[in-house]
There are 2 protein chains.
Amino acid sequence: MGKKVTLKHIAEALGVSTMTVSRALNNRSNVDGKTRERILRKAENMGYTPNRVAKSLVSSKTQTIGVVIPEITHAFFPEVVRGIEEITYQTDYQLILTNANEQFDREKHAIQTLRSQQVDGILISSSLTEKDYSFYESILETGTRLVFFDRCIHGLGASCVHVNDRESSEAITNHLIEEHGYQKIAHFCGPRHVTIGKERYLGYKRALENHGIVINEDWIIESGFKEEGGYNAMQKLLDLPVSARPEAVVCVNDPAAFGAMEAATELGLKIPEDLAITGFSDEIRAPLVSAPLTTVHQPAYEVGKRAAEKLLKIIENEGEPAEDIEIEATLKIRRSCGC
Amino acid sequence: MGKKVTLKHIAEALGVSTMTVSRALNNRSNVDGKTRERILRKAENMGYTPNRVAKSLVSSKTQTIGVVIPEITHAFFPEVVRGIEEITYQTDYQLILTNANEQFDREKHAIQTLRSQQVDGILISSSLTEKDYSFYESILETGTRLVFFDRCIHGLGASCVHVNDRESSEAITNHLIEEHGYQKIAHFCGPRHVTIGKERYLGYKRALENHGIVINEDWIIESGFKEEGGYNAMQKLLDLPVSARPEAVVCVNDPAAFGAMEAATELGLKIPEDLAITGFSDEIRAPLVSAPLTTVHQPAYEVGKRAAEKLLKIIENEGEPAEDIEIEATLKIRRSCGC
DNA sequence: ATAGTAAATGTTAACGATAACATTTTAGCG
DNA sequence: CGCTAAAATGTTATCGTTAACATTTACTAT
């Protein structure tokens, strides 16, 4: 209730200057031991809380970083956030979290707001699905410190942290071909211009090509990253006459795979007997679904940690170079592939 | 790269005063149409971004609210955050998220930092497990606007948003007694001094009492809110001789139930045949585990939304009274109870 | 003592934006 | 044309803190 206590109040109460109070509270040298004592005690019992806003204005440093994610309910992201938190907690940074809800407009708006809040840097997994990077180009030109994670935009000179999407996608596809002998393999892909969408598609493609399998365009369906999309994609796929159906589907991520499973099950298919399905993420539900999901384990926590570490380096060292950080993902074989 | 553009830069470039620029950019009246035009254009192409920090210092309003949660990986909380986001996005507030990791020390630290960041209000689900509320008492005395959600601390004059924990817990226990005829029912409870722990315990107790069942203290084990705790509690329970074991266990939340299930399964029990188990939350995994979990569905999104709405009201209306908002939870009967 | 130096404290200005008040310009009207 | 009211613009001070420089006080060594 009582107005906020400021340095000035303490100074007046003690008959010293605000500067002395400031120095005492910030543990600077050049303050007499006794004065410091008096000030600390007074501050304590007046309930002083430093005003970081004022401090930030002077130092143009807010000890704050912005995090923009596309979808907070996809379990991958909270885990990433935990990794980020791990680092920021130790280094006394605060996180401003924004959920772009898979909408690039919201993402843009979020970034503008974060900039105007003077965050020291931004971690972002982009919802951008177009090939038009001009927004990011202009943001980066202003000197905003940015690290992409997971859904990265390469080639803009910003650092990126992600798993080896292409190799992993290739590996899981190889598994279907080599271990199970499938030749007819579909792909539910993400938007064409999102890195992880593209990379995972390319991995899938390379696996087929390396085994001399011709790609069937009817089997490449854009599902996006959500369950609903996977569900719809599967319905579309199963519109095909039985003879034209694939034996397996490589999905761009776990939620899409769950959606796909649901649709397939509803239409009377058994997984993996009638149709094998794989995912990508290894989120919390993956081992639990009726046909435990064979997927790529993405170390989300690690991704968050590394991205935060990199961003802090960029913030704290002037000349820190951009870097592409690739984290090794691992195959997680369960039953949905037929194993 | 180029230093940040401020009002002053624009003003100088145009030979007007900063005040005029400020007025133009804030859509105030009393600015000539042509001047406004010139200013807007200039601001645009100089890449001006308002500095909210400076604005906040003047207005002592940051358009920012702090959120403190005990555990970001418990799926309930990201869902709550989504609900909060829903409201704050519409009203142009930003979220500063902190994960207290079930540690009250971190929670305290988080709140102090949020206060020094001058957040306009705080939403918190407390990790406090002691009966010592002095920290919150002193925080509230300073006039900090606070709304508790889920894990509330009542009686401090702060608003609370939560589900009807006691009734729901009673209802799910009643279900075990009335529908399944169990008489021997254990409870894995949360810490004694956490509201939801206490309330859910009391609901359990009341159900037994109302049915004239004597409570067996050996069957009340503190598991805490995490899987690990549920796992350990179940191990302890199953140390009892077979004849002294219960027929069912009411767990304080879903993660504890999952842990309990795991331990029971490892020890060769079948669920629900050998032992029925119920949870509380209805998180994303509940329907998926091998014995789909009978639980209480907590509308997390709704909780977040209501809490955020209340906090904004408190922020925006001077005399807004504290309120206890109870949201109806519903039984979600699945198979783990024996159904 | 007494300059000379280090330590302690104080003063002023600044960070960027805006509120409150002050001045100038413009427009309207008899 | 001159006067007034309204509109447009400018000035100053402020928010809370700190950097940079200025002053005072205390202490050392001769």
Side-chain angles (χ1 to χ4, degrees), chain A residues 2-40 42-43 46-64 112-113 115-120 142, chain B residues 2-40 42-43 46-64 112-120 142-143:
Chain A
K3 281 264 142 281
K4 293 234 166 97
V5 181
T6 71
L7 286 187
K8 206 168 152 201
H9 298 307
I10 301 178
E12 274 163 9
L14 253 41
V16 296
S17 74
T18 60
M19 209 46 227
T20 305
V21 179
S22 169
R23 282 192 271 250
L25 293 174
N26 288 290
N27 265 320
R28 298 294 178 70
S29 54
N30 290 355
V31 182
D32 186 70
K34 260 188 287 185
T35 321
R36 162 169 290 137
E37 258 312 302
R38 279 201 311 149
I39 291 174
L40 293 183
K42 196 76 184 177
M46 289 179 79
Y48 173 73
T49 313
N51 183 329
R52 278 215 199 185
V53 171
K55 197 165 174 168
S56 296
L57 186 56
V58 175
S59 62
S60 45
K61 183 95 179 15
T62 53
Q63 288 290 320
T64 269
Q112 294 297 18
T113 310
R115 292 209 320 134
S116 88
Q117 304 225 133
Q118 313 297 116
V119 294
D120 298 330
T142 67
Chain B
K3 280 264 144 278
K4 294 232 167 97
V5 181
T6 72
L7 285 190
K8 208 168 151 200
H9 298 308
I10 301 178
E12 275 164 7
L14 254 39
V16 297
S17 76
T18 60
M19 211 44 230
T20 305
V21 179
S22 168
R23 281 192 272 249
L25 293 175
N26 288 291
N27 263 321
R28 298 294 176 70
S29 55
N30 289 357
V31 182
D32 186 71
K34 259 187 290 183
T35 320
R36 165 169 287 137
E37 259 312 303
R38 279 201 310 151
I39 292 175
L40 292 183
K42 197 75 184 178
M46 288 179 80
Y48 173 73
T49 313
N51 183 330
R52 278 214 197 186
V53 170
K55 196 164 176 169
S56 296
L57 186 56
V58 175
S59 62
S60 43
K61 184 97 178 17
T62 53
Q63 288 289 322
T64 269
Q112 294 298 18
T113 310
L114 290 171
R115 293 208 321 133
S116 88
Q117 304 224 134
Q118 313 297 114
V119 293
D120 297 329
T142 66

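Here is the naming used below: chain letters follow the sequence lines, and residue numbers restart at 1 for every chain. What you see below is based on every heavy atom in this structure, not just the backbone, and it leaves out hydrogens, waters and symmetry mates.
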Pro50(B) or Thr18(A): which one's nearest nucleotide on DNA chain C is closer to the 5' end? Thr18(A)
Heavy-atom distance under 4.5 Å between the side chains of Ile39(B) and Thr20(B), does that happen here? yes
Over how many whole Å does the gap from Asp32(A) atom CG to dG10(C) atom P extend? 11 Å
For atom NZ of Lys61(B), decide whether the heavy atoms of other residues, nucleotides or ligands shown that lie under 6.0 angstrom number more than 12. yes
Any side-chain heavy-atom pair of Asn26(A) and Lys55(A) under 4.5 Å: yes
Using modelled atom types only, decide if a donor and an acceptor are shared between the side chain of Arg36(A) and the backbone of Arg28(A) within a distance under 3.5 Å. yes
Lys8(A) has an atom NZ; how far is it from atom P of dT11(C), in whole Å? 13 Å
Between the side chains of Thr142(B) and Arg115(B), is a donor N or O closer than 3.5 angstrom to an acceptor N or O? yes
Can you tell which of dT17(D), dA8(C), dT18(D) lies closest to the side chain of Asn26(A)? dT18(D)
Under 4.0 Å, counting only non-hydrogen atoms across every strand here, what does Val16(A) touch: a base, just sugar-phosphate, or nothing? sugar-phosphate
Using five base pairs at each end to define the local axes, how bent is the helix from dA1(C)-dT30(D) to dG30(C)-dC1(D), to the nearest 10°? 50°
Does dC15(C) have its OP1 or OP2 closer than 4.0 Å to a side-chain nitrogen or oxygen of Ser60(A)? no
Identify each atom pair where a protein N or O and an N or O of nucleotides 19-26 of chain C are less than 3.5 Å apart, giving names and distance.
unit_1: dA19(C); atom_1: OP1; unit_2: Arg28(B); atom_2: NH2; d: 3.2

Pick base, sugar-phosphate or nothing for Thr35(A), based on heavy-atom distances below 4.0 Å to the nucleic acid. sugar-phosphate
Check the side chains of Ser116(B) and Thr113(B) for a donor-acceptor pair under 3.5 angstrom, ignoring hydrogens and angles. no
Whole-Å distance separating the CG atom of Asn30(A) from the P atom of dT24(D): 18 Å
Do we see a donor-acceptor contact under 3.5 Å between the side chains of Arg52(B) and Thr64(B)? no
Interatomic distance, Glu12(B) CD vs dG10(D) C1' [rounded to whole Å]: 15 Å
If you only use heavy atoms from C-beta on, which nucleotide in dA7(D), dT18(D), dG10(C) is closest to the side chain of Ser17(A)? dG10(C)
Under 4.0 angstrom between Lys55(B) side-chain N/O and dT18(C) OP1 or OP2: yes
DNA chain C nearest-nucleotide lookup for Gly33(A) and Thr49(B): closer to the 5′ end is Gly33(A)
Which residue, Ala54(B) or Gly15(B), contacts DNA chain D at a nucleotide closer to its 5' end, judged by nearest heavy atom? Gly15(B)
With heavy-atom distances below 4.5 Å as the criterion, would you say the side chains of Thr49(B) and Lys4(B) are in contact? no
Nearest whole Å is fine: how far is dC15(D) P from Asn51(A) CG? 12 Å
Leu7(B) CG to dT11(D) P: how many Å, rounded? 15 Å
Whole Å only: how far is the CD atom of Glu37(A) from the P atom of dA8(C)? 14 Å
Using whole Å, what does the distance between atom P of nucleotide dA17(C) and atom CG of Leu57(B) come to? 12 Å
By side chain to side chain contact (heavy atoms under 4.5 Å, CB included) - contacts of Asp32(B) (at least two apart): Lys34(B), Thr35(B)
From C-beta outward on Thr20(B), which listed nucleotide comes closest to its side chain: dT17(D), dT9(D), dT18(C)? dT9(D)
Between Gln117(A) and Val53(B), is a side chain to side chain contact (heavy atoms under 4.5 Å, CB included) present by the stated rule, with each step listed? CA-CA 6 Å; Gln117(A) 304 225 133; Val53(B) 170; 5.9 Å; no
Would you indicate which nucleotide in dT9(D), dA17(C), dG16(D) comes nearest to any side-chain atom of Tyr48(B)? dA17(C)
